[in-house]
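Structure, as structure tokens:
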Amino acid sequence: MNNKKEHSDKRPAKQGAEGVIAEPNKITAATAYDFEAKNLTAYGGLLPVATMLEKLGFQQLIEETLTVKRVTRAMPMCQFILAMVLAVYVGFSRLHHVQFLAREPMLIGILKVLRLPPQCTFWRFLASLHLGVARQLLEVQRRMRERVWEAAHVSLSVVTLDTDTTVHTLYGNQMGGRKSYNPKNKGKKSYQRMSSEGWCIQWE
């Protein structure tokens, strides 16, 4: 006996994939990876600083002014000075911090070395300098300041330098403390030191 309803009804179409669904990809220790970026640096601002020093003739001025008898092997004398100056620009104030810049791409590219010498090499270089180098460095600062003002077309006729002091109140008998100007704690001993915030230069 034929069942007319069975042959006349349409069968529903199959939904979804027939095969077994694969598991999602997982990142594990065995996952292959690669990194091709080079010369990435957080100190890109050193490039315009180095360019400025080059245009102002910093290296030539150092070589003409400083008399250093020590023969350096790791880097020339001028590169030691330039490395410390650029480190100060970056924000490092101690020679111990040189280790964080030893392989900095921007810095070693400017200095044209493979890596910076260790901290002890910088200390030996500074220890070899005689007392007259301090006066010579002041001369370098003076001439560089003149070159910067000349490049910026700044002509000074009158300079007024105002200074201010910061009062530190003492609560005891510390050496060197004495009663002096102390508006907040009148009559108490205090120290007074120069405050960089109080420096002011007036140009006319």
Side-chain angles (χ1 to χ4, degrees), residues 38-165 193-204:
K38 297 180 180 180
N39 296 330
L40 298 180
T41 177
Y43 305 110
L46 284 179
L47 183 59
V49 174
T51 304
M52 178 193 68
L53 294 176
E54 182 180 357
K55 291 185 176 181
L56 293 175
F58 178 75
Q59 180 175 350
Q60 182 181 1
L61 181 59
I62 289 291
E63 294 175 350
E64 294 176 352
T65 308
L66 299 188
T67 55
V68 179
K69 298 180 180 180
R70 179 184 176 88
V71 179
T72 57
R73 297 181 180 180
M75 291 190 307
M77 176 266 298
C78 183
Q79 289 182 330
F80 272 100
I81 303 295
L82 182 59
M84 289 184 283
V85 170
L86 293 179
V88 172
Y89 269 102
V90 171
F92 296 109
S93 58
R94 298 179 181 274
L95 289 179
H96 174 67
H97 298 152
V98 173
Q99 61 179 327
F100 301 110
L101 299 172
R103 294 187 181 274
E104 169 57 38
M106 181 63 67
L107 186 57
I108 64 177
I110 294 172
L111 298 175
K112 299 178 182 179
V113 295
L114 296 178
R115 60 169 298 166
L116 290 182
Q119 172 191 355
C120 58
T121 305
F122 278 90
W123 274 118
R124 285 197 300 268
F125 170 75
L126 292 176
S128 66
L129 303 180
H130 54 84
L131 294 178
V133 174
R135 179 182 54 81
Q136 294 172 355
L137 287 174
L138 292 177
E139 178 66 16
V140 170
Q141 292 181 5
R142 184 187 66 80
R143 295 179 62 180
M144 284 295 294
R145 185 164 52 247
E146 291 178 352
R147 294 182 182 185
V148 171
W149 287 345
E150 182 180 357
H153 304 289
V154 177
S155 56
L156 304 179
S157 58
V158 178
V159 176
T160 303
L161 182 63
D162 296 332
T163 61
D164 191 10
T165 58
R193 66 177 181 87
M194 299 300 297
S195 173
S196 59
E197 298 178 356
W199 289 74
C200 176
I201 296 180
Q202 179 182 354
W203 294 348
E204 296 182 2

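The chain is numbered in sequence order, starting from 1.
Residue L66 holds its CG atom at 8.0 Å from CG of L61, rounded to the nearest 0.5 Å. For the atom pair OG1 (T121) and CZ (R73), the distance works out to 11.5 Å, reported to the nearest 0.5 Å. A distance of 10.5 Å separates CG of L86 from CG of L47, quoted to the nearest 0.5 Å. Note that the CZ atom of R145 and the CZ atom of R143 stand 12.5 Å from one another [nearest 0.5 Å].
The pair E146-R142 meets the salt-bridge criterion, with a side-chain N (NZ, NE, NH1 or NH2) lying under 4.0 Å from an Asp/Glu carboxylate O.
Residues passing the ring pair (Phe, Tyr, Trp, His ring centres under 6.0 Å) test with Y89: none are found, sequence neighbours excluded. T67 meets the side-chain hydrogen bond (donor to acceptor under 3.5 Å, both in side chains) test with H130, Q136; sequence neighbours excluded. A search for ring pair (Phe, Tyr, Trp, His ring centres under 6.0 Å) contacts involving H97 returns F92, not counting sequence neighbours. Partners of E63 under the side-chain contact (heavy atoms from CB on, under 4.5 Å) rule, at least two apart in sequence or in another chain, are Q59, C78.
Residue pairs that meet the ring pair (Phe, Tyr, Trp, His ring centres under 6.0 Å) test with at least one member in residues 59-84, sequence neighbours left out, are F80-F122, F80-F125.
Closest non-hydrogen pair, Q119 versus L95, comes out as CG-O, 3.8 Å. Pairing each heavy atom of G44 with each of P48, the nearest pair is O-CD, 3.6 Å. Summarising the geometry of V49 relative to G45, their closest heavy-atom pair is CG2-O, 3.5 Å, with the distance given to 0.1 Å.
The number of heavy-atom neighbours closer than 6.0 Å to CD of Q60, taken from other residues, nucleotides and ligands shown, is 12 or below.
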Please list every donor-acceptor pair under 3.5 Å in which a side-chain atom of residues 99-116 meets a protein atom from a residue at least two apart or in another chain.
from : atom 1 : to  : atom 2 : distance (Å)
Q99  : NE2    : H96 : O      : 3.3
Q99  : NE2    : H96 : NE2    : 2.9
E104 : OE2    : T41 : OG1    : 2.1

